[in-house]
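Every chain is numbered from 1, with letters handed out A, B, ... down the list of sequences.
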Amino acid sequence: MPELPEVEVVRRGLERWVSGRIVADTSVLHPRAVRRHIAGGEDFGARLKGHRIGLAQRRGKYLWLPLADSATAVLAHLGMSGQLLVQPQDATDEKHLRIRVRFEDALGTELRFVDQRTFGGLSLHETSPDGLPDVIAHIARDPLDPLFDDDAFHEALRRRRTTVKRALLDQSLISGVGNIYADEALWRARLHYERPTTGFTRPRTAELLGHVRDVMNAALAVGGTSFDSLYVNVNGESGYFDRSLDAYGREGEPCRRCGTVMRRRPWMNRSSYFCPRCQRPPRAVS
DNA sequence: AACCGCACCTGGACGC
DNA sequence: TGCGTCCAGGTGCGGT
């Protein structure tokens with residue numbers, strides 16, 4: 001479900017409501033939610049207990065909470081339907097509550113990981129000297145990271161024998177982009193999703209990256225994209241960017257630029273939305 | 001080494 | 001009402 005802007009909204013919420021607190025007790029209510037924590041749910045809880053939570057971090061769609069005085073961090077991925085909520089301790093359990101974390105203080109709130117489809121989860125990992133959990137070393141920096149290297153991205157794009165949307169979704173090339181923001185950025189750049197990346201010029205890459213950043217920043221400014229109650233911030237509130245989408249989910253509606261009816265095409269077991277006039281397919285594919 | 005396709009889940013919307 | 005089908009914002013793994 002969530003892409004970079006939605007995950008960043010959650011990170012900010014964790015920083016505000018969770019960072020600095022000391023873990024008391026953790027309960028894992030569904031084993032799949034900790035499947036990346038090989039030692040299991042009991043071990044997961046035991047290792048968190050007594051540790052102070054550091055500043056919440058993010059790379060792409062991954063979030064992590066460093067544990068103070070240890071070279072470890074709680075890594076979180078929301079998958080398609082995961083939520084991290086800060087709830088009053090006495091609030092009724094959500095139907096898909098998977099993990100609960102209570103704290104030593106008297107603030108009266110707890111952290112809950114709620115996840116309908118169980119594609120997401122929490123796990124504890126060693127962190128490298130730069131603070132990155134070891135298991136996400138293969139995840140590229142995201143386009144809002146000041147250290148993202150535009151030139152290296154361009155060179156990598158040209159080396160790949162792939163198409164532009166596949167490249168945008170490849171988290172080892174550029175992280176944080178998912179199906180929604182890929183379609184939005186491609187619409188803004190007037191690029192068809194099957195356009196090969198091999199022939200990309202430097203200006204074309206620069207323009208595409210500019211659109212990726214613009215659309216993500218615009219989404220961030222209004223709290224992210226929510227089609228339903230599945231995506232919410234830590235307080236359970238939805239974002240409003242769904243009202244601003246130009247491509248994603250607009251099959252049958254007029255292109256906001258040229259009025260042509262927008263199309264949807266099955267693509268890699270999901271969908272691609274595009275304007276058939278503004279985003280012409282490459283000749284070889286058509 | 002790259003690249004592709006699929007498995008991993010639950011549930012809502014829709015057609016019959 | 002119920003059943004089948006399709007669809008959903010992601011990732012990692014195995015096979016080629």
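- Residue whose closest nucleotide on DNA chain B sits further toward the 5' end, between A/K95 and A/R32: A/R32.
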Do any N or O atoms of the protein come closer than 3.5 Å to N or O atoms of nucleotides 13-16 of chain C, and which pairs are they?
none

Under a cut-off of 3.5 Å for both distances of each Watson-Crick or G-U pair, what dot-bracket string does DNA chain B give, using [ ] for crossing pairs and | for inter-strand pairs? .|||||||.|||||||
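- Taking 4.0 Å as the cut-off between side-chain N and carboxylate O, A/D115 and A/R32 do not count as a salt-bridged pair.
- Distance, A/M80 CE to C/dA8 P: 8 Å, rounded to whole Å.
- Within the 4.0 angstrom heavy-atom criterion, only backbone atoms of the sugar-phosphate kind lie near A/R264; the bases stay farther away.
- A gap of 23 Å separates the P atoms of C/dG9 and B/dC3, to the nearest Å.
- Remark: A/R202 engages A/D151 in a salt bridge, criterion side-chain N to carboxylate O under 4.0 Å.
- Within 4.0 Å (heavy atoms only), A/N269 reaches at least one base atom of the nucleic acid.
- One finds no salt bridge joining A/E184 and A/R188 here, because no Lys/Arg side-chain nitrogen approaches an Asp/Glu carboxylate oxygen to under 4.0 Å.
- A donor-acceptor pair is defined here as one N or O able to donate and one able to accept, closer than 3.5 Å; no such pair exists between the side chain of A/R59 and the backbone of A/S175.
- Mapping A/D170 and A/F119 onto DNA chain B by nearest heavy atom places A/D170 at the nucleotide closer to the 5' end.
- Remark: side-chain polar atoms of A/R58 are not paired, donor with acceptor, to backbone N or O of A/R11 under 3.5 angstrom.
- Rounded to whole angstrom, the span from the CG atom of A/L169 across to the P atom of C/dA8 amounts to 13 Å.
- Under a 4.0 Å N-O distance rule, the pair A/R250/A/D246 does not qualify as a salt bridge.
- Taking the charged nitrogens against the carboxylate oxygens, A/K49 and A/D25 do have a contact shorter than 4.0 Å, which makes a salt bridge.
- Atom CD of A/E42 sits in a sparse spot, with 12 or fewer heavy atoms from other residues, nucleotides or ligands closer than 6.0 Å.
- One atom, CZ of A/R59, and another, C1' of C/dT11, lie 17 Å apart when rounded to the nearest Å.
- Side-chain N/O atoms of A/R270 and base N/O atoms of C/dA8 include no donor-acceptor pair closer than 3.5 Å.
- Among the atoms of the strands shown, none is found under 4.0 Å from any heavy atom of A/H30.
- Taking atom CZ of A/R117 as the reference point, atom P of C/dG10 lies 10 Å away to the nearest angstrom.
- The distance from atom CD of A/E3 to atom C1' of C/dG10 is 9 Å, rounded to the nearest whole Å.
- Look at the P atom in both B/dC9 and C/dG14: the space between them is 16 Å, to the nearest Å.
- Using a 4.0 Å heavy-atom criterion, one finds that A/R36 contacts the sugar-phosphate atoms exclusively.
- Counting to the nearest Å, the P atom of C/dT11 and the OH atom of A/Y62 are 6 Å from each other.
- No donor-acceptor distance shorter than 3.5 angstrom exists from the side chain of A/R270 to the backbone of A/P266, with no hydrogens or angles considered.
- Separating the OH atom of A/Y273 from the P atom of C/dG9 is a distance of 7 Å, rounded to the nearest angstrom.
- In this structure, A/H51 contributes its side chain and A/A68 its backbone to a donor-acceptor pair below 3.5 Å.
- Between the OH atom of A/Y181 and the P atom of C/dG10 there is a distance of 10 Å, given to the nearest Å.
- Contacts between chain A and DNA chain B, taken as any atom within less than 4.0 angstrom of a protein heavy atom, begin and end at B/dC3 to B/dG11.
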Could you go through the salt bridge (charged side-chain N to carboxylate O under 4.0 Å, His left out) check for A/R159 and A/E155 one step at a time? CA-CA 6 Å; A/R159 275 197 302 273; A/E155 295 304 331; 5.2 Å; no
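- Atom CZ of A/R263 has 12 or fewer neighbouring heavy atoms from other residues, nucleotides or ligands inside a 6.0 Å radius.
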